[in-house]
Student: 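Before I ask anything, here is the structure I am working with.
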Amino acid sequence: MTRLVAVATASLLAFSLGACTSGTTGGGAATACNVGITMPTRSLERWINDGEQLQSKLKAAGCTVDLQYADNKVDQQISQIQNQIAGGAKILVIASIDGTALGPVLAEAAKQSIKVIAYDRLINGSPNVDYYATFDNYKVGNLQGTFLKEQLKLDSATTPINFEPFAGSPDDNNAKFFFSGAWDVLLPYVTKGTLVVPSGKAPKSNDEWTTIGIQGWASDKSQAEMDNRLSSFYSGGKKVQAVLSPNDSLAIGIEASLKSAGYKVGSDWPLITGQDGDKANVKAILAGEQSMTVWKDTRKLGDRVFTMIQQIVKGEKVEVNDEKSYNNGVKVVPSYLIEPEVVTKDLVQSKLIDSGFLKASDVGL
Ligand code: GAL
């Protein structure tokens, strides 16, 4: 009896320890390094970098690699994955377009003991996801919300501030984490009336984020939405003073709308957030048209996924650092989270150029 209790306590301890420290999980038979990579689209800058970086690392390591982009079309991504399974892939790396649409094709992969790594975006509703590698998505939003709180000095503000929030693509699991991270900082000020939202598009809770979601993270859609808000709710000299944009592709659309509405940098241009460090947006930051971007060094994500693949290939345990945050509705997926960083005008050179993430010529420096 005492021995039984000892074993039970030991495993309980092991489980709770595993939840928040970096650990390893899985491991098993070695496998061939034959990798199928699918990325959402080539129309958003970062995915081109993500795909090509990982492909070249794997090729250099002698792996067989198939890299596909799916034009943000779910069916196209599913058939690309089916082709990779039929083509002999032993490991699938998937940055999903709609994380809830891959259950059936991953069941096919599981029948052949193919390992699946969810890349950047979690895959939901399937037991057949082995690992998840991403950035701390909640922190991305939290950094955006905290930036606006500090820049607007919300705790000491005496007059209401006109503010417009946006959220990401409703089919993207990351978007809810981005929004929750920001809204946990900003909603109290909306509730207090320090931040007012003339368009009325202020979700009452994190769960309502899709009400202001922009499908496909499309710049033309965020531009149209901002045009509509400015023309409908900003008359009689009323000016927007701050905008929560969850990423750079949406920010670039919002900035275009502000320009055509006559806003001028240095006079009435609002604070605008972003994410990704896209070239066009870094130029906008240098020109004062965007206040910050949350930089996610995609090279680190590529390195981490490369390491995970090497560990799987060798049949070793796979290193993870979060075994609690990402429940995909069927299981808690062992994850590796990478830190995002804020980049403002004065940090572009040191963080983006000196690190080699961008070339000076990419951003007109
Ligand atoms: C998110 C991703 C962001 C942003 C967005 C649009 O899932 O984490 O970095 O790029 O998609 O592609």
Side-chain angles (χ1 to χ4, degrees), residues 37-54 69-74 77 93-102 117-124 129 132-144 166-182 209-210 212-223 244-254 272-282 290 292-302 304-305 325-326 328 333 335-343 352 357-358:
I37 305 172
T38 46
M39 292 285 153
T41 174
R42 296 186 72 89
S43 66
L44 289 163
E45 187 174 305
R46 69 152 291 182
W47 302 116
I48 300 170
N49 301 334
D50 288 85
E52 290 170 1
Q53 277 160 12
L54 184 56
Y69 290 86
D71 302 334
N72 266 343
K73 298 191 183 79
V74 174
Q77 186 166 54
V93 175
I94 304 171
S96 58
I97 297 162
D98 179 347
T100 65
L102 303 178
I117 300 174
Y119 186 98
D120 192 84
R121 297 171 175 179
L122 186 61
I123 295 169
N124 287 312
V129 185
Y132 179 35
T134 189
F135 293 87
D136 185 332
N137 298 305
Y138 178 87
K139 189 166 183 182
V140 167
N142 213 249
L143 290 171
Q144 293 167 338
F166 286 72
S169 191
D171 54 7
D172 184 347
N173 192 69
N174 283 351
K176 88 178 168 206
F177 286 88
F178 301 149
F179 185 74
S180 306
W209 70 274
T210 57
I212 57 169
I214 303 287
Q215 186 59 38
W217 296 94
S219 304
D220 59 347
K221 290 194 173 78
S222 62
Q223 180 172 358
L244 173 69
S245 173
N247 91 324
D248 284 351
S249 63
L250 297 187
I252 216 80
I254 291 162
I272 303 175
T273 61
Q275 172 189 183
D276 289 328
D278 291 355
K279 295 184 185 85
N281 298 76
V282 174
Q290 186 167 320
M292 58 89 86
T293 189
V294 175
W295 176 44
K296 305 192 302 186
D297 189 344
T298 52
R299 298 167 298 181
K300 290 182 182 166
L301 183 56
R304 175 47 53 185
V305 172
S325 303
Y326 287 97
N328 77 348
V333 181
S335 304
Y336 199 101
L337 306 188
I338 297 165
E339 284 300 300
E341 300 171 60
V342 168
V343 171
L352 302 183
F357 182 77
L358 292 177

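Both counts, for ligands and for their atoms, begin at 1 and track the order of listing.
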Student: Between Asn247 and Trp217, does any side-chain donor sit less than 3.5 Å from a side-chain acceptor?
Tutor: no

Student: Please report whether the ring centroid of Tyr326 lies less than 6.0 Å from that of Phe177.
Tutor: yes

Student: Could you tell me which residues satisfy side-chain contact (heavy atoms from CB on, under 4.5 Å) with Asp71, sequence neighbours excluded, listed by chain and number?
Tutor: Lys73, Gln76

Student: Within this structure, what is the OG1-CZ distance for the pair Thr273 and Phe166, rounded to the nearest 0.5 Å?
Tutor: 10.0 Å

Student: Would you please write out the protein residues whose heavy atoms approach any atom of ligand 1 to under 4.0 angstrom, listed by chain and number?
Tutor: Leu44, Arg46, Trp47, Asp120, Arg121, Asp172, Asn174, Phe178, Trp217, Asn247, Gln275, Asp276, Lys296

Student: Once salt bridge (charged side-chain N to carboxylate O under 4.0 Å, His left out) is applied, what residue pairs with a partner in residues 293-302 remain, sequence neighbours excluded?
Tutor: Asp120-Lys296, Asp297-Arg299, Lys300-Glu341

Student: Going by the rule side-chain hydrogen bond (donor to acceptor under 3.5 Å, both in side chains), which residues pair with Asp248 if we only count those two or more places apart in sequence or in a different chain?
Tutor: Gln290, Thr293

